[in-house]
Structures are given as structure tokens and as C-alpha cells.
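Report on the following structure.
Just so we're on the same page: letters track the sequence lines, and every chain starts at 1.
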Amino acid sequence: MSLSAEMQAKINAAKERLDAHVREIVEWHFNPETGCEYWLEKAKGYDFDPRKDVKTYEDLDKFPFFEDEDLRGGPVRKWVPKGNAGKPVYVFETGGSTGIPKSRVVSEDHKIDYELFSETLPDEYFPKGADWLMLGPSGPRRLRLAVEHLAQFRGGISFCVDLDPRWVIKLIKMGEMQMMERYKSHVIDQALTILKAHPNIKCMFATPKLLEALCEKVSLKSVGITGVFCGGTEMTPQFHRFAVEELMEGGYFAPTYGNTLMGLATHKVPFDPADNWAIIYYPPAPRAMIEVVDPDEPRKVVGYGETGRVRLTTLTKELFIPRFLERDECEREAPCAAYPWDGVRNVRPFSRFATSVVEGVY
Amino acid sequence: MLHIPILRKGNSYKSVDVSRVPHFRTRETFVELSQANAGLIRRDLRDLDSIQAMLAAFTTDRLIAMCRQAADYFMNDTLPVGDESQTPDDYVRQLSATTGMPHVLVRKNMSKISGVMAEMKSVLDGLTRGIDLKILDDGFGTHEGHSVSFFPRTNSLGVILPSNSPGVHSLWIPSIAMKVPLVLKPGSSEPWSPYRIAQALIKAGVPKEAFGYYPADHGGAGAILQSCGRGMFFGDSSTVGKYASDSRVELHGTGYSKVVLGDDVVDDWEKYLDVMVASITENGGRSCINASGVWVTRHGKEIAQAVAERVAKIVPRDAEDPEALLAPFANADIAKRISGIVDSGLRESGATDVSAKVRGERLVEVDGATYLLPTIVHVESPEHPLANREFLFPFASVVEVKPEQMPEAFGPSLVVTAITKDLKLINRLVNSSHVDRLNIGAIPTMKIAWDQPHEGNLFEHLYARRAFQRAMTA
């Protein structure tokens with residue numbers, strides 16, 4: 001890959017910023033004065049000193065792969081860094097349709113992540129001061145509060161629906177597909193009611209399936225929606241095209257990839273027809289990095305355009321997650337001008353896991 | 001690379017998502033198939049009333065004439081396939097390439113499909129039990145001296161199609177003559193037939209809007225069945241099961257068809273060997289109307305041995321060989337799994353693979369293609385796990401059963417050919433809810449009559465009768 005000098009300079013600057021950020025975050029989490037119980041205990045078993053031996057992003061390979069099973073159950077306070085003592089704590093859960101869910105404690109990360117994401121939204125389509133519809137999961141999900149904060153940060157108010165994704169997954173597992181459809185209709189009915197009653201709503205978050213379902217009932221344009229931020233579940237290139245060409249009616253479609261551990265990866269801009277509607281995401285570096293690694297040698301990053309497993313590293317003062325192997329696969333994407341670091345293309349469930357992920361409407 | 005697009009109300013749409021269908025032998029991609037996302041399908045199916053109105057504008061006689069014309073186009077004309085042209089020979093070669101079906105069998109199925117279009121009048125007479133077809137145009141009329149009125153229950157018929165044999169397409173084609181638009185999801189390795197049928201009908205004058213063609217995954221299939229007022233679903237027992245309680249969907253699952261020799265004729269079993277062999281092996285043993293069981297009261301071992309010897313003569317041949325009767329598996333893993341299931345059943349006492357001695361290995365690879373050779377199993381009782389199994393190759397169990405167990409022990413059976421003159425047995429078969437289509441006498445299970453619909457009646461599926469009275473004066 002030959003790069004212009006300007007692009008190479010951007011990549012180098014981003015890398016320097018990342019390395020500096022790594023040093024700062026590792027120092028924070030492994031300093032007995034500021035770190036959390038979980039990492040301080042873990043460090044006792046390491047044959048290296050994170051504070052001395054981790055100088056660059058690559059040095060994070062010294063850590064074992066993070067096991068997200070450690071996030072299941074309590075006490076959740078073991079994850080709160082001492083340096084953040086006294087701040088209000090939220091707990092966000094992921095999964096949990098059966099058994100104990102995985103939890104992440106947060107004070108401000110969700111707000112910071114979505115304030116950064118806000119910068120990527122064009123004001124023309126997501127007007128400042130406009131209200132939002134949050135057509136996604138309610139309950140102990142990060143997404144619900146994050147979208148509400150996004151709306152508030154942009155001067156709007158977020159209207160929410162009741163949606164319990166755990167019940168949806170149970171219905172699917174029970175084979176109650178008709179009941180699942182009725183529940184989906186119940187959610188869409190709530191959205192339609194909100195949209196009719198509140199004409200200042202111009203922006204919305206929706207999962208792909210709920211966006212489709214809403215558009216089966218109403219024209220987004222006719223109810224005044226000009227921008228949709230979409231995420232929560234897998235999106236295919238065909239869905240991307242379908243949404244832009246047929247659902248949005250000239251509105252702006254912002255696909256995202258995110259989860260409770262990472263935050264939010266945003267789509268490549270500007271839109272490039274040569275990408276053939278591929279879904280290309282870039283992580284919110286340096287707060288999180290996503291890489292594509294060889295599934296058999298997950299320390300090894302694959303070449304650009306090659307397929308591999310998604311590996312996440314989260315680097316905030318509230319959460320340190322080194323080298324976590326996600327249950328997704330994709331192709332590695334080269335840096336772009338807006339995001340001079342690695343991205344991912346067409347993320348989808350990891351094909352080596354035999355059981356398919358039950359996503360339902362969420 | 002040949003690409004088959006989606007048809008959205010008859011208009012081609014090339015999806016970003018494609019499935020690559022391989023050649024059964026080389027495993028190299030032979031054709032790309034646009035894949036429809038479920039939301040796109042649901043969006044297209046929101047309002048089909050206007051399209052149904054387009055079909056309703058034609059008389060049934062006119063639509064029957066179009067079907068007759070389409071039969072000729074289907075058999076003899078060059079028709080579009082995606083951006084390319086497809087001659088009849090191309091169709092045969094292409095269908096064989098992705099399914100493994102020998103050319104001679106493809107041509108037989110082609111004739112069957114063409115036949116149903118050419119004989120649409122007879123088909124509708126059979127389905128409607130002989131009503132004056134003008135009643136479908138007017139909505140009411142007189143039948144056998146009584147006023148009758150019929151109305152369509154739906155504005156579309158969604159059909160989830162299989163890949164095993166093109167012959168099944170003959171079941172849904174009459175929908176067009178009955179003025180109900182079609183929404184088709186082709187089988188993953190047999191996209192050819194429904195596309196060509198649609199093109200033949202369009203060329204014959206049927207509005208292109210009457211055809212939705214949506215290659216898709218299970219989610220797409222669900223969207224079709226959910227959105228169409230009436231559906232047909234071809235699949236194995238595990239896939240169609242979840243629609244068992246949905247009366248809008250007509251299920252076409254495993255057939256478990258049988259040849260039955262009554263106690264009164266079983267001593268003369270040699271006379272009926274041809275019927276048994278034909279029922280088991282025609283069309284490569286891939287149809288739900290192929291017999292997967294021969295049920296007898298005596299002589300099971302001898303019958304199994306004789307049938308095994310006959311079917312052992314059916315061996316893999318080149319796809320273009322006019323003598324070819326056996327289709328390889330497009331996916332070798334499926335063949336291995338099926339053979340494993342048979343072996344697993346044989347490990348339970350009471351069953352013998354009678355073919356083993358005359359056939360050799362069941363699973364063979366010839367010229368890079370994987371075959372399951374015809375297999376006849378002798379089973380001592382109806383309770384054995386192999387007594388009532390059906391697989392995608394010429395397989396049959398010869399099951400010994402007590403006379404009084406017939407037909408209760410059969411279980412659900414799509415076709416039963418009962419060779420008997422025993423009126424009591426015939427009476428029990430006639431009254432059995434397990435038997436869908438019943439042949440009395442030495443008629444192969446594969447032999448169908450257009451005026452004898454089976455697996456549900458498409459007219460009754462698509463139309464309902466209402467009570468109707470009309471005053472003689474206004």
C-alpha cells in the first residue's frame with residue numbers, strides 16, 4: 001500500500017498519540033493509588049511490570065487475552081478505579097437472557113464516547129436542538145442512556161420506547177415467532193405514537209430490524225426524520241444499500257458498530273461508491289482499538305483486506321480491556337483520511353462458532 | 001460469471017449480497033445468486049392488491065391460453081436468465097451442474113413442468129372439481145344446479161422452494177391461472193426452474209409484476225411466509241415443523257410414500273417387482289413421491305433381496321449419459337451424513353442392508369462426484385428406526401408388518417400404492433387420515449394424474465367459497 005506523505009504523517013501522529021495514551025492508561029490502572037482491585041490483583045501474577053514494561057501499543061501483547069467471563073457477576077466494585085472514587089457509578093449489562101449477565105461499571109465513559117461520536121454527525125441531518133427517538137433496548141443497557149445523552153448533548157430530548165431484548169431472545173429460543181412479531185409490533189406502535197405526538201423529533205437511533213419494521217408502517221420523511229444512527233446488531237452491505245436507497249428517503253444513515261466494552265465505532269466517511277456498500281468502521285482511537293487477527297494466532301494481525309477475528313482493546317480511565325477476542329470476524333481495512341488508523345470491514349458473527357447468534361429485534 | 005438477479009415485481013435487482021452456487025463436481029462457483037434481505041422482501045410485499053388486480057383483469061381462459069403458450073416457450077425457446085440468454089439445452093446443463101441431476105432426468109422434469117402449463121385447463125378442472133372456470137372471472141355462477149361464489153383468500157402465494165427436484169414446481173404454477181401473484185424463494189442450488197418458468201409466462205403475456213423471485217436465507221423465507229396471505233413450504237420435517245400450526249401455509253415435507261402388498265397378493269410379489277423398483281428409483285429417488293418403504297406381511301427378505309438386485313444395476317454415469325438414473329450429491333458432506341444415519345440405524349438389531357452384498361460400498365466417489373448407491377434395507381418390524389425413513393437417494397425399507405397393523409403402522413404417507421383386492425384393507429386405507437394420495441393396484445407411486453391433486457388442493461388453499469344468493473329481479 002503506497003501512501004501519500006500527508007497520510008503517512010497522519011498515521012504516524014495517530015500512532016504516537018496512541019502510544020502516549022497507552023502509557024497513561026496503563027499507569028492509571030496499575031498504580032496502586034489509582035487502579036482498580038481487579039487489575040491490581042491480576043498484576044501480581046504477571047512476570048512483567050505493566051507500569052515499566054508497557055511503553056507502546058504493541059507492548060500490550062504482554063498481557064494475556066482478556067476473558068470476558070470475568071465480567072460476569074460481582075462484586076462489580078472491583079472494576080472501579082480508585083482514582084475515580086466518589087464519582088457516581090452506573091452498571092451496564094450485556095447478554096443476560098439466561099444466567100448472570102456480564103456487567104461493566106461506568107461513570108462518564110458513555111457520555112464521552114457519544115460526545116465524540118456526536119462530532120461525526122452532520123448538523124444538516126441531525127440538527128442541533130432537534131429531539132430524538134431512541135428505538136432500541138431499554139433496561140440495563142448502555143445504549144439507552146448513551147443515546148439520551150447524545151440527544152441532550154446536541155440540545156435535544158430523547159423519547160424512548162420500552163423494549164426488553166432478553167424477552168425477545170427467549171421468545172425466539174422458544175420458537176414463539178408469532179409472539180416475537182407481536183412484541184415487535186408493540187415496540188413499533190410505541191414509536192409511531194411518539195412520532196405522531198412530538199413533531200420536533202428529527203433524529204433517531206434504531207436497530208436494523210426495528211428501522212425496517214418502522215419503515216414498513218410509516219415514511220421517515222413524512223414524519224420528519226432526517227437522520228438515523230443505526231447499530232446494535234450486525235448489518236450487511238445489502239442492508240446498508242437498502243436503508244440508504246429505500247428507507248431513508250434522502251435522510252442521512254449513520255451505521256455504527258459498538259458494544260458495552262468498546263464504545264462506538266463510526267462508519268467511514270465520506271461515502272465511497274467503490275466500497276460497494278461495504279460496512280467499514282473505525283474505532284474511537286485512542287480510547288479503543290479494534291484489529292483483525294489470525295484466529296489461530298491471535299497475536300498476529302492479518303494483512304489489509306484479509307479476513308480474521310476481531311480483537312478489541314479498550315483504553316479509558318474507567319476501563320482497561322487488553323486484547324479481547326470478540327465473537328465477530330471481518331476484513332482488515334486500511335486507515336483513511338478521517339480515521340488514520342486500522343478499521344474493519346463487514347463485521348459479522350465469527351464463522352467458527354457453530355451456533356448462530358440470536359439477535360431478534362435487537 | 002452468470003448472475004441471477006432478484007425479481008422485484010418482475011424487475012431485475014442485483015443485490016450487493018450474493019451466494020455463490022458451485023458446480024457439483026468441480027466445486028467452483030458456477031453461478032452467482034443475488035440475495036434478498038428480509039426487509040426488502042417485506043417492503044415489496046406490503047401491497048400486492050394492485051398486482052392481483054392486474055391478473056384479475058384477464059379471464060381465466062386467457063390465462064390458461066398464456067400457460068399453454070408458456071409451456072412451449074419453456075420447452076423450446078431461448079429465455080433470459082439475468083443479463084444472459086438461456087436455451088433449453090443451457091437450462092438442462094445449468095440445472096444439472098448445480099444439482100448433479102442427470103440430463104435425462106432434468107428433461108423428464110422439464111416435460112412435467114411444461115405438461116402442467118400445457119394442461120392447465122385439466123389441472124384447474126381437477127383442482128376446482130369441474131366448476132365452470134368463468135366463475136373465477138365473475139366471482140359467482142352455477143355449479144350442478146346450485147349457486148356458488150368463490151373469492152380469493154389472498155393477494156399472493158409465497159412459495160419456499162426446494163432444490164431436490166424440479167418436478168415440484170408443477171404444484172405452484174396454477175396459481176397464475178387462478179389469478180394469484182407469486183412470490184418465490186428458489187432452492188439454494190436450484191434457482192433455474194422458477195426463474196425460467198416465470199420468464200416463459202412473462203413472454204406469454206402474464207404481467208411481469210405477478211412474479212416476485214427472492215433468493216434469500218431463512219429470514220427471507222420467513223418474511224415471505226409471514227407477508228403472503230397464503231404460502232407453500234417445501235422442506236424437511238425439521239424446517240417445515242414450525243409452521244405446522246399455521247393454516248395459511250401448506251407444508252410439503254418428507255413424503256414417506258409406500259408400496260403396500262396386501263396379504264392376499266403377497267405370495268405373488270414377483271409380479272409387482274417393476275412397480276416397486278420404479279417407485280423407489282425413478283427421478284433418482286429424490287422426490288417425496290418416491291417410495292421409501294415397501295410394506296408386506298410376508299416374504300420380506302426375498303422381496304428385499306430381489307429389489308436390491310434390481311436396483312444394484314443403477315450405477316453412477318456421466319450426467320450426459322442417457323442411461324443415467326442416479327444423481328450425485330452437490331454437497332458431499334450431506335451424502336456422508338445420510339450414509340452415517342443409515343449405518344447408525346443398521347447398528348440396531350432387526351435391520352439388514354440387503355444391498356450391501358450386491359452393491360458394495362454405499363457411499364462412493366466417481367470422477368470427483370459423490371454418490372449414495374441404491375440401498376434396500378430389510379426391517380423386521382415397523383418400530384425399527386429405519387422402518388419409516390426417507391433420504392435423498394434411492395432408499396427403501398422392506399418392512400414386515402402384521403395384516404392387522406395396516407395401515408395404522410404406516411404413519412403419515414404422502415402416496416400409498418396398495419396392491420390388494422382385500423376390500424377390508426382398501427376400506428381401512430380409504431378411511432385412514434394418514435394416507436394423502438391413494439393408488440389402488442399396481443400403479444407406481446411416481447405416477448401422477450393432473451386432475452388428482454395431492455398434498456393439499458391449491459384451489460382450496462387460495463380460494464374460499466361463500467354462501468351466495470341472488471334475487472332474480474333487482
Can you tell me how far apart [atom1] ([X]) and [atom2] ([Y]) are? Round to the nearest 0.5 Å.
{"X": "A:Phe242", "Y": "B:Ile41", "atom1": "CZ", "atom2": "CD1", "value": "9.5 Å"}
{"X": "A:Glu181", "Y": "B:Gln226", "atom1": "CD", "atom2": "CD", "value": "4.0 Å"}
{"X": "A:Glu245", "Y": "B:Leu40", "atom1": "CD", "atom2": "CG", "value": "10.0 Å"}
{"X": "B:Leu45", "Y": "A:Glu216", "atom1": "CG", "atom2": "CD", "value": "9.5 Å"}

Original post:
Does any heavy atom of chain A fall under 4.5 Å from the side chain of B:Gln35, the backbone, both, or neither of them?
Top reply: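 For B:Gln35, the contact with chain A is made by the backbone alone.
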Subject >> Residue part contacting chain A, namely of B:Tyr13, when any heavy atom lies under 4.5 Å >> reply: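 Contact with chain A involves the side chain of B:Tyr13 alone.
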Subject >> Sidechain N-carboxylate O distance under 4.0 Å for A:Glu212, B:Arg42 >> reply: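 Yes.
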May I ask you to check whether over 12 heavy atoms, not counting those of [X], lie within 6.0 Å of atom [atom1]?
{"X": "B:Glu84", "atom1": "CD", "result": "yes"}
{"X": "A:Arg182", "atom1": "CZ", "result": "no"}
{"X": "B:His434", "atom1": "NE2", "result": "yes"}

Original post:
What's the shortest heavy-atom distance between B:Val16 and A:Asn276, and which atoms?
Top reply: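 In terms of heavy atoms, the two residues are closest at CG1-O, 3.4 Å.
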Distance-only criterion, 3.5 Å: show the donor-acceptor pairs between side-chain atoms of residues 334-343 of chain B and protein atoms not counting sequence neighbours.
residue: B:Ser339; atom: OG; partner: B:Arg362; partner atom: NH1; Å: 2.9
residue: B:Asp343; atom: OD1; partner: B:Arg362; partner atom: NH1; Å: 3.0
residue: B:Asp343; atom: OD1; partner: B:Arg362; partner atom: NH2; Å: 3.2

Subject >> Partner set under salt bridge (charged side-chain N to carboxylate O under 4.0 Å, His left out) for A:Asp342, not counting sequence neighbours >> reply: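 Salt bridge (charged side-chain N to carboxylate O under 4.0 Å, His left out) list for A:Asp342, sorted by chain: A:Arg332.
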Original post:
Would you find a donor on one side and an acceptor on the other, under 3.5 Å apart, between the side chain of A:Gln238 and the backbone of B:Asn37?
Top reply: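 Not at all, since once roles are kept as given, no pair shorter than 3.5 Å links the two residues.
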